[in-house]
Amino acid sequence: MEPFDLIVVGGGLVGAALAWGAQTAGANVVLLDEGDQAHRAARGNFGLVWLQGKGVGTPPYMQLSLHAGRMWPGFAARLSNAVSFDIGWRQPGGLQFCFSEAELDKRRDVIARTQADGGDIDISILDRADLRALLPGIGDEVVGASFSSLDGHVNPLYLLRALQQGFQDAGGRYRPGFRVEHIAKEGDGFKAVSPTGGVAGRRIALAAGLGAANLARHVGLSMPVKPERGQIVVTERIKPFLPFATNCIRQSVEGTVLLGSSHEDRGFDDETDVPTAAALCRTAARVFPALAEATVVRSWGSLRVMTPDGRPIYEESARFPGAFAVTCHSGVTLASVHALEIGPSLAKGQLPEHVSSFTSGRFDVHQG
């Protein structure tokens, strides 16, 4: 078999978006997916396309995120049409709830810093009266919220399924259960090696999240990522009451309510615990007291992918041109950019210029 144009290592949200984008741009792509035994970040993703406050203090990341948010409607429509099912994408705007005037002041500061960094996004402050007019069931402890019309949400598992299915429908080769243990330079390209065999390609993109850190060294790349555990609680289906995306509660298209999510430094432990789940439930009941009567049907924990500064890494190897690192913790928000811009660029053997500042070199420590 002729070498593939592009090998994508990692079948999660980031890898599947890259593979779909590159395949639909005309490349011959293989997607190597370890499978559900991998640390699937999509399992614990809250499903928000969240822009208010994203990248404050880091203008390039803010601009990238806002760009992704504006691409999402077109991306969602194209992907849903390709696979003929609803991925749960909605853009009703997002609310970040505040329980004190001090918290509202912090949101005002976020707005000011966003404007100072050149962020082209409308974020407004809603007082309690404004908020109650939108959401009559809001709790007495909520004093207000910030609101942005650019925020939205999606079902991350439907999104993953759509990307993987769309990739295969476009002629891409999907290899499940393929755990890459080594990457070798082979001729003008690369070979990804697993216990069951190898796959050759002219170029290779490492998008396996936490599993890519060790592989990166094989091709002269650095991917200093670590896990962050997130837990989510899900209730039974409830009559629609929450038409907006929010920072801590999300009602799915099907009617279930997601409560979340935690941010925990627990290494590679992806288990759940009662105290964390109880804290998520208490917060939800403070926002909407009626949720105290809802039945919890399940909860889970999963591992997010975090770089030292929380920003993405997009980089081509200087030692091994054609080998690329792609990783981020915002796999949902940035999915539109990964699918519509970075994937097609990788099909041509390059990265877009507007992500050139997101290399791992920013983590180097220089001592004089």
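Please read all numbers here as calculations on a predicted model, not as lab measurements. Starting from 1, each residue takes its place in the sequence as its number.
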Quick check: does any side chain N or O of [X] sit under 3.5 Å from a backbone N or O of [Y], one acting as donor and the other as acceptor?
X    : Y    : answer
Q350 : L346 : no
Q251 : L242 : yes
S194 : G197 : yes
R250 : F46  : yes
S84  : S80  : no
E34  : P176 : no
T114 : G119 : no
E316 : G322 : yes
S330 : L334 : no
E103 : F99  : yes

Using 4.0 Å as the upper bound for N to carboxylate O, is an ion pair formed by [Y] and [X]?
X    : Y    : answer
D269 : R229 : yes
D109 : K106 : no
R362 : D309 : yes
D140 : R128 : yes

Any heavy-atom pair between the side chains of [Y] and [X] that's under 4.5 Å?
X    : Y    : answer
I204 : V9   : yes
N247 : W50  : yes
P92  : H153 : yes
R175 : D33  : no
I238 : L291 : yes
I249 : F288 : yes
V14  : C328 : yes
S299 : V234 : no

Review point. F4 ring centre to R173 NZ or CZ under 6.0 Å, with the angle to the axis within 45°?
Key: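 Verdict for F4: no cation-pi partner in R173.
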
Point to revise | F320 six-ring centre to K185 NZ/CZ under 6.0 Å and within 45° of normal | key: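 Judged by the rule (NZ or CZ under 6.0 Å from the ring centre, within 45° of its axis), K185 is not positioned above F320.
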
Give, for atom [atom1] of [X] and atom [atom2] of [Y], the distance between the pair rounded to the nearest 0.5 Å.
X    : Y    : atom1 : atom2 : result
F363 : M223 : CZ    : CE    : 10.5 Å
T307 : R311 : OG1   : CZ    : 8.0 Å
L303 : D270 : CG    : CG    : 5.0 Å
D105 : I125 : CG    : CD1   : 9.0 Å
Q23  : N28  : CD    : CG    : 6.0 Å
L259 : C281 : CG    : SG    : 5.5 Å

Does one hydrophobic cluster hold both [X] and [Y], with members joined at side-chain heavy-atom distances below 4.5 Å?
X    : Y    : result
L31  : L159 : yes
L48  : M306 : no
L104 : F147 : no
L150 : L134 : no
F178 : V193 : no

If every non-hydrogen atom of [X] is compared with every non-hydrogen atom of [Y], which pair is closest and at what distance?
X    : Y    : result
L13  : L163 : O-CD1, 4.0 Å
I123 : S148 : CG1-CB, 4.3 Å
L280 : S262 : CD2-N, 4.2 Å
G15  : V8   : O-CG1, 3.5 Å
A216 : L206 : CA-CD1, 3.5 Å
L135 : P243 : CD2-CD, 3.9 Å

Review point. Where do L221 and R217 land on the side-chain contact (heavy atoms from CB on, under 4.5 Å) test, with the steps shown first?
Key: CA-CA 5 Å; L221 288 163; R217 291 192 284 268; over 6 Å; no

Check your understanding: Is there a side-chain contact (heavy atoms from CB on, under 4.5 Å) between I342 and V355 once you walk through the steps?
Key -> CA-CA 9 Å; I342 296 182; V355 300; 4.3 Å; yes

Check your understanding: Going through the distances and angles, do F167 and Y174 end up as a ring pair (Phe, Tyr, Trp, His ring centres under 6.0 Å)?
Key -> CA-CA 8 Å; F167 166 70; Y174 176 60; 7.3 Å; no

**Study point:** Test ring pair (Phe, Tyr, Trp, His ring centres under 6.0 Å) applied to H354 and Y314, step by step
**Key:** CA-CA 10 Å; H354 66 82; Y314 304 117; 8.5 Å; no

Practice item. Please check if atom CG in N81 has more than 12 non-hydrogen atoms from other residues, nucleotides or ligands closer than 6.0 Å. Key: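 For N81, atom CG is crowded (more than 12 foreign heavy atoms under 6.0 Å).
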
Point to revise | Heavy-atom neighbours of R237 CZ exceed 12 at 6.0 Å | key: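 Result for CZ/R237: open.
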
Practice item. Just say parallel, tilted or perpendicular for the rings of H182 and H218, cut-offs at 30° and 60°. Key: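 Rings of H182 and H218: tilted, 30 to 60°.
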
Review point. Hey, what's the ring geometry for W89 with W72, parallel, tilted or perpendicular (30° and 60° as the breaks)?
Key: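 Plane angle under 30°, so parallel.
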
Cut-off 3.5 Å, side chains only: do [X] and [Y] have a donor facing an acceptor?
X    : Y    : value
Y158 : D86  : no
D273 : Q231 : yes
Q91  : D151 : no
E254 : S252 : yes
H329 : R304 : no
S360 : E315 : yes

Review point. Does the side-chain contact (heavy atoms from CB on, under 4.5 Å) test come out yes or no for V56 and M62, once each step is laid out?
Key: CA-CA 6 Å; V56 168; M62 175 185 290; 4.0 Å; yes

Exercise for review: Apply the test side chain to side chain donor-acceptor pair (under 3.5 Å) to residues T246 and Q96: give CA-CA distance (whole Å), side-chain angles for both, the deciding distance (0.1 Å), then the verdict.
Suggested key: CA-CA 6 Å; T246 87; Q96 177 140 343; over 6 Å; no

Review point. What's the verdict on side-chain contact (heavy atoms from CB on, under 4.5 Å) for V337 and F75, showing C-alpha distance, side-chain angles and the deciding distance?
Key: CA-CA 9 Å; V337 166; F75 165 59; over 6 Å; no

